Amino acid sequence: MEPSGLYIRVSPSIFAELQRGPLTVKALLADDMLDDDRVLNLGAMWRAIDSALAGPAPSAPQGPFARIMRGGTALGKADVAGYGPARFVTPEEAVQIDLSLRDMGADAFLARLAPVRAEGDPAEEKILPAFLALQSFVHRAAVAGQCLLFAQV
């Protein structure tokens, strides 16, 4: 099964608990500490959005698009779901990523997606709505001054 991209918006205080260690990303998700508005699971659409925004894997994350798709800084060494540690971007980085994502409209995203899309991918039906959900999710984090966590699950 292919990994999916899971994003979590957390306050700086919860993020500090994650950094200190008593709280883990697994526990955060398992204990239902977050309401649905603070979690975005892109499912299998993550891979297509990643390719369109960040370029072919396994290139090193560079620029705001790569940072949101492949994570920022590793959060410890604990493996979340077999794909390595969760990664995070700070509230300041979330603002930079938000500005870059907001500058990209649906047509520009689809143009970036076209060369990397596999035959039969449901671009406009599923991938574009997932991208728009990511745009909105990052914007809410930026406005609220929240950190963004990313994990492949």
Side-chain angles (χ1 to χ4, degrees), residues 1-11 14-15 18 24-26 28-30 33-76 78-153:
M1 186 170 160
E2 191 170 328
S4 63
L6 180 72
Y7 294 87
I8 308 167
R9 295 186 300 119
V10 296
S11 68
I14 289 182
F15 179 68
L18 288 165
T24 65
V25 174
K26 281 184 182 180
L28 187 68
L29 293 170
M33 295 177 66
L34 303 167
D35 57 38
D36 289 341
D37 185 50
R38 293 184 182 251
V39 178
L40 174 66
N41 189 342
L42 293 178
M45 299 304 106
W46 174 80
R47 180 67 60 205
I49 296 170
D50 173 55
S51 295
L53 294 182
S59 63
Q62 296 176 4
F65 296 142
R67 288 189 64 72
I68 192 58
M69 296 314 297
R70 298 188 187 146
T73 306
L75 182 60
D79 194 326
V80 176
Y83 299 103
R87 305 188 73 75
F88 73 91
V89 297
T90 65
E92 295 80 15
E93 292 170 317
V95 169
Q96 294 170 347
I97 294 165
D98 176 45
L99 292 172
S100 295
L101 287 174
R102 282 193 297 156
D103 284 345
M104 181 177 291
D107 290 338
F109 173 74
L110 290 172
R112 287 181 77 126
L113 179 64
V116 297
R117 195 176 89 197
E119 186 68 33
D121 273 353
E124 291 190 41
E125 300 82 28
K126 292 186 179 179
I127 300 171
L128 180 59
F131 168 72
L132 296 174
L134 178 64
Q135 269 186 322
S136 176
F137 192 79
V138 170
H139 180 70
R140 289 192 312 269
V143 169
Q146 295 171 319
C147 297
L148 283 166
L149 302 179
F150 167 73
Q152 288 183 333
V153 294

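We use all heavy atoms of the structure for the numbers below, so side chains are in, but hydrogens, waters and symmetry mates are not. The first residue of the sequence shown is numbered 1, and numbering continues consecutively from there. Note that the structure is predicted; figures quoted are calculated from it, not measured.
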Which is it for Ser136 and Arg140 under the side-chain hydrogen bond (donor to acceptor under 3.5 Å, both in side chains) test, yes or no, and what are the steps along the way?
CA-CA 6 Å; Ser136 176; Arg140 289 192 312 269; 2.8 Å; yes
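Across Phe109 and Leu128, no two heavy atoms sit closer than the pair CD2-CD1, 3.9 Å. The two residues Cys147 and Pro91 have their closest heavy-atom pair at SG-CD, 3.5 Å. Residues Ala94 and Ala142 share a closest heavy-atom pair of O-CB, 3.8 Å. The minimum heavy-atom distance linking Phe150 with Gly5 is given by the pair CE1-CA, 3.7 Å. Taking each heavy atom of Leu101 and Gln135 in turn, the nearest pair found is O-NE2, 2.6 Å. Annotation for Lys126 and Met45: closest pair CB-SD, 3.6 Å, computed over non-hydrogen atoms.
For Glu93 (side chain) and Leu148 (main-chain N/O), no donor-acceptor pair under 3.5 Å exists by modelled atom type.
Atom CD1 in Ile8 sits 10.0 Å away from atom CD1 in Ile14 (nearest 0.5 Å). Atoms CG and CZ, on Leu42 and Phe131 in that order, are 11.0 Å from each other to the nearest 0.5 Å. Distance check: Leu113 CG to Ile127 CD1 gives 5.0 Å after rounding to the nearest 0.5 Å.
Looking at residues two or more places apart in sequence or on another chain, you find a side-chain contact (heavy atoms from CB on, under 4.5 Å) between Gln146 and Arg9, Arg38, Ala141, Ala144.
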